[in-house]
Amino acid sequence: MMEFIEQIRAIVGEKGVLTGDDVRSRPSTYWNHQPMQAAAIVRPASVAEVSACMRQCHEHGITVVPLGGNTGLVEGTACEPDQIMLSLERMNTIEQVDEVSRTVVVQAGTILQTVQAKVSEHQLMLPVDLGARGSCTIGGMIATNAGGFGVLRYGMMRERVLGLEAVLADGTVVSSMNGYLKNNTGYDLKQLFIGSEGTLGVVTRAVLRLEEHQTAETTALIALHSYSQVTQLLKHLDRALSGSLSAFEVMWGDFFALNTGEHSKLESPFAASYPFYVLVECQGNQADELRQRFELALEHAFENALLEDAVIAQSAGERASLWAIREISEPEERFFEITIGFDVSLSIADMDSYVSKVQGGLAQLASDATLLVFGHLADGNLHLTVGLHTPVDREAIEHLIYEGLKEYGGAISAEHGVGLEKKAYLAISRQPAELALMRQIKATLDPQNRLNPGKIFD
Ligand code: FAD
Ligand code: ZN
């Protein structure tokens with residue numbers, strides 16, 4: 001291995017290789033804070049260097065784990081001592097912002113927030129946004145097909161990628177850096193790499209589709225007494241707001257109560273408690289018109305018994321406070337000894353029934369367990385957190401959550417991916433023929449199984 005690392009050093013230079021304490025001082029993954037195990041972190045500075053490193057690894061039978069900001073939530077960056085981490089952190093240049101075509105060309109190691117800030121100088125926006133914006137990279141977001149807030153209106157990362165460049169396991173550079181929305185010239189190869197969690201190629205650059213910057217937004221927190229109100233309200237607002245609805249984030253009562261209760265610094269703006277709350281936001285460019293339309297839509301919703309109570313943010317500070325109720329994680333960290341998080345997809349109509357069944361099953365597994373439910377309801381995406389005061393059999397809880405999805409045809413991962421964490425359950429969401437085709441694609445692109453092996457499936 002030492003000799004091999006010296007060969008890599010000859011490609012990427014002194015700054016391009018970290019070993020020893022420089023590796024071990026980093027955490028293994030987002031959840032696992034044990035020291036990182038890799039033989040080295042290799043940090044190429046160009047696609048040519050990535051290609052040369054991959055070729056070298058291919059020839060010497062060395063396994064590679066691609067690394068972005070290490071904010072992935074499914075152990076996709078877990079690495080063994082005889083493997084190397086290939087970090088894109090030195091490939092962090094924003095190469096071009098095109099105001100007319102509304103695109104940005106960016107290297108894969110660039111942090112999301114840096115891209116957001118840069119394009120806003122051009123009155124444009126990259127509308128994929130998530131809590132990890134300060135450390136996740138464009139390459140990692142492409143590799144996981146990240147979602148987050150705003151998917152309802154702007155789509156996931158897949159909808160943002162017009163073109164990309166990737167390096168295969170043998171060092172071949174596949175460049176599909178077209179900036180066109182329409183390009184039906186054979187197979188759309190870039191799609192192979194989006195959401196492939198570093199198992200098919202190393203993403204090195206991308207052309208991303210931007211939107212005109214939206215200068216105004218209106219935000220409300222809404223209280224509801226039934227799930228049918230929640231689903232009717234979504235349809236009503238989507239119609240009434242003519243495409244400007246950009247967030248519809250649901251919170252079940254227990255989640256809201258914890259985040260606004262005695263373990264939290266936040267308070268509920270409502271005097272009473274309700275079983276459901278929704279954080280709604282719309283974006284546009286005419287602040288007054290947007291506000292009027294929003295208020296009218298809420299008034300109609302109230303008159304038609306689609307909501308019980310609502311508060312509209314009157315300032316940026318109030319907006320931030322409402323969003324904080326949805327995003328804060330300290331209360332659950334403070335209140336529970338153990339938390340286990342899930343990220344599932346199922347049709348909106350089935351969510352309430354699914355959650356009730358999980359609640360029932362959980363009460364039988366662990367009497368002191370609490371189920372906290374929230375998520376991007378309009379995207380068919382729920383996040384469930386099981387909060388516990390005493391240890392229980394984790395597998396039994398995973399079984400409950402994932403097996404419960406079967407009768408609804410749900411997906412075990414909505415936006416976080418599979419990584420190591422969910423691979424045992426992949427067959428719940430995928431047919432045997434789909435899994436066989438996935439394996440065939442992997443074998444074609446990476447016949448020696450050198451790129452992030454064991455992630456998604458064995
Ligand atoms: P990493 O964690 O470094 O890597 C993730 C995976 O991609 C790994 O399998 C890795 O091998 C691979 N990879 C990384 N870079 C490359 C590359 N250049 N080429 C090929 N493969 C690569 N996700 C959502 O979808 N929606 C959310 O709302 C959301 N919120 C989050 C909030 C927080 C606080 C955190 C910590 C995470 C959140 N995530 C969310 C998880 C999300 O997957 C990541 O934040 C992000 O997409 C991963 O980017 P990263 O650069 O950190 O990738
Ligand atoms: Zn999410």
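In listed order, ligands and their atoms are each counted from 1.
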Identify the protein heavy atom lying closest to atom 39 (N) of ligand 1, giving its residue, its atom name and the separation to 0.1 Å. Leu73 CD1, 3.8 Å
Is the NE2 atom of His383 crowded by more than 12 outside heavy atoms at less than 6.0 Å? yes
Closest candidate by heavy atom, reference atom 2 (O) of ligand 1, pool Gly140, Gly150, Gly72, Gly69: Gly72
Is there a polar contact, in the sense of an N or O pair closer than 3.5 Å, between Glu415 and ligand 1? yes
Under 2.8 Å from the Zn ion (ligand 2), is there an N/O/S atom belonging to Asp343? no
What I want to check is whether the side chains of Asn259 and Ser264 have a donor and an acceptor closer together than 3.5 Å. no
Take atom CZ in Phe457; do more than 12 heavy atoms of anything else shown fall under 6.0 Å from it? yes
Close side-chain approach of Thr137 to Leu112, heavy-atom, < 4.5 Å: no
To check your reading of the model: name the closest protein heavy atom to atom 4 (O) of ligand 1, its residue, and the distance in Å. Thr77 CG2, 3.6 Å
Do you see a donor-acceptor pair shorter than 3.5 Å between the side chains of Gln34 and Ser28? no
Judging by distance only, is a nitrogen or oxygen of Asn452 under 3.5 angstrom from one on ligand 1? yes
Are the side chain of Asn145 and the backbone N or O of Glu415 linked by a donor-acceptor pair below 3.5 Å? no
Go through Trp252 and Leu372 one step at a time and tell me if the side chain to side chain contact (heavy atoms under 4.5 Å, CB included) criterion holds. CA-CA 7 Å; Trp252 260 247; Leu372 306 172; over 6 Å; no
Distance check, rounded to the nearest 0.5 Å: Ile142 atom CD1 versus Leu208 atom CG? 5.5 Å
Single hit among Lys442, Gln448, Arg450 for side-chain hydrogen bond (donor to acceptor under 3.5 Å, both in side chains) with Asp446: Lys442
Nearest heavy atom to atom 20 (C) of ligand 1 wins, so pick from Gly139, Cys136, Gly201. Gly201
Measure from the Zn ion (ligand 2) to each N, O or S atom of His376 and report whether any distance is below 2.8 Å. yes
What I want to know is whether Gly76 and ligand 1 share at least one N or O pair that is separated by under 3.5 angstrom. yes
Subset of ligand 1 atoms that lie under 4.0 Å from at least one heavy atom of Val202: 19 (N), 20 (C)
Short N or O distance, Ala146 and ligand 1, threshold 3.5 Å exclusive: no
Can you tell me how far OG of Ser196 sits from CD of Gln191, rounded to the nearest 0.5 angstrom? 11.0 Å
Relative to the ring of Tyr402, is the ring of Tyr425 parallel (under 30°), tilted (30 to 60°) or perpendicular (over 60°)? tilted
Residue pair Thr260, Glu267: steps toward the side-chain hydrogen bond (donor to acceptor under 3.5 Å, both in side chains) verdict: CA-CA 4 Å; Thr260 54; Glu267 281 176 18; over 6 Å; no
Polar atom proximity, Ser135 to ligand 1 (N or O, under 3.5 Å): no
Ligand 1 and His376, any nitrogen or oxygen pair closer than 3.5 angstrom? no
Please work out which of Thr71, Leu130, Ile456 has its closest non-hydrogen atom nearest to atom 27 (C) of ligand 1. Leu130
N/O separation below 3.5 Å, Gly148 to ligand 1: yes
Note the single closest protein heavy atom to atom 11 (O) of ligand 1, along with its residue, its atom name and the distance in Å. Pro66 O, 2.7 Å
Among all protein heavy atoms, pick out the one at the shortest distance from atom 1 (P) of ligand 1; state its residue, atom name and that distance to 0.1 Å. Asn70 N, 3.5 Å
Got a sec: does the CD of Glu121 have more than 12 other heavy atoms crowding it under 6.0 Å? yes
Look at atom 25 (O) of ligand 1 and find which of Gly417, Gly147, Gly68 reaches it with the closest heavy atom. Gly147
For the Zn ion (ligand 2), find the closest N/O/S atom on Glu415 and give its atom name. OE2
Numbering the atoms of ligand 1 from 1, which are under 4.0 Å from a heavy atom of Gly198? 20 (C), 21 (N)
In the protein, which heavy atom is nearest to atom 22 (C) of ligand 1, and how far is it? Ala143 CB, 3.4 Å
Part of Val203 with heavy atoms under 4.0 Å of ligand 1, whether side chain, backbone, both or neither: both
Please classify the His416 to ligand 1 contact at 4.0 Å (heavy-atom distances, strictly less than): side chain, backbone, both or neither. side chain
Out of all atoms in ligand 1, which are within 4.0 Å of some heavy atom of Leu88? Include the element for each. 18 (N)
Take Ser87 and Glu89, measure what side-chain hydrogen bond (donor to acceptor under 3.5 Å, both in side chains) needs, and give me the verdict at the end. CA-CA 5 Å; Ser87 169; Glu89 64 202 57; 2.5 Å; yes
Assess whether side-chain hydrogen bond (donor to acceptor under 3.5 Å, both in side chains) is satisfied between Ser228 and Gln232, documenting all intermediate values. CA-CA 6 Å; Ser228 107; Gln232 289 180 68; 3.2 Å; yes
Looking only at N/O atoms, are Tyr30 and ligand 1 under 3.5 Å apart anywhere? no
Please tell me if the side chains of Ile401 and Tyr354 come closer than 4.5 Å, counting only heavy atoms from C-beta onward. yes
Run down the list Ala414, Ser413, Ala132 and name the one with the heavy atom closest to atom 33 (C) of ligand 1. Ala132
Looking only at protein heavy atoms, which one is nearest to atom 47 (O) of ligand 1, and how far off is it? Thr144 OG1, 2.9 Å
Met141 near ligand 1 by a heavy-atom separation under 4.0 Å: yes
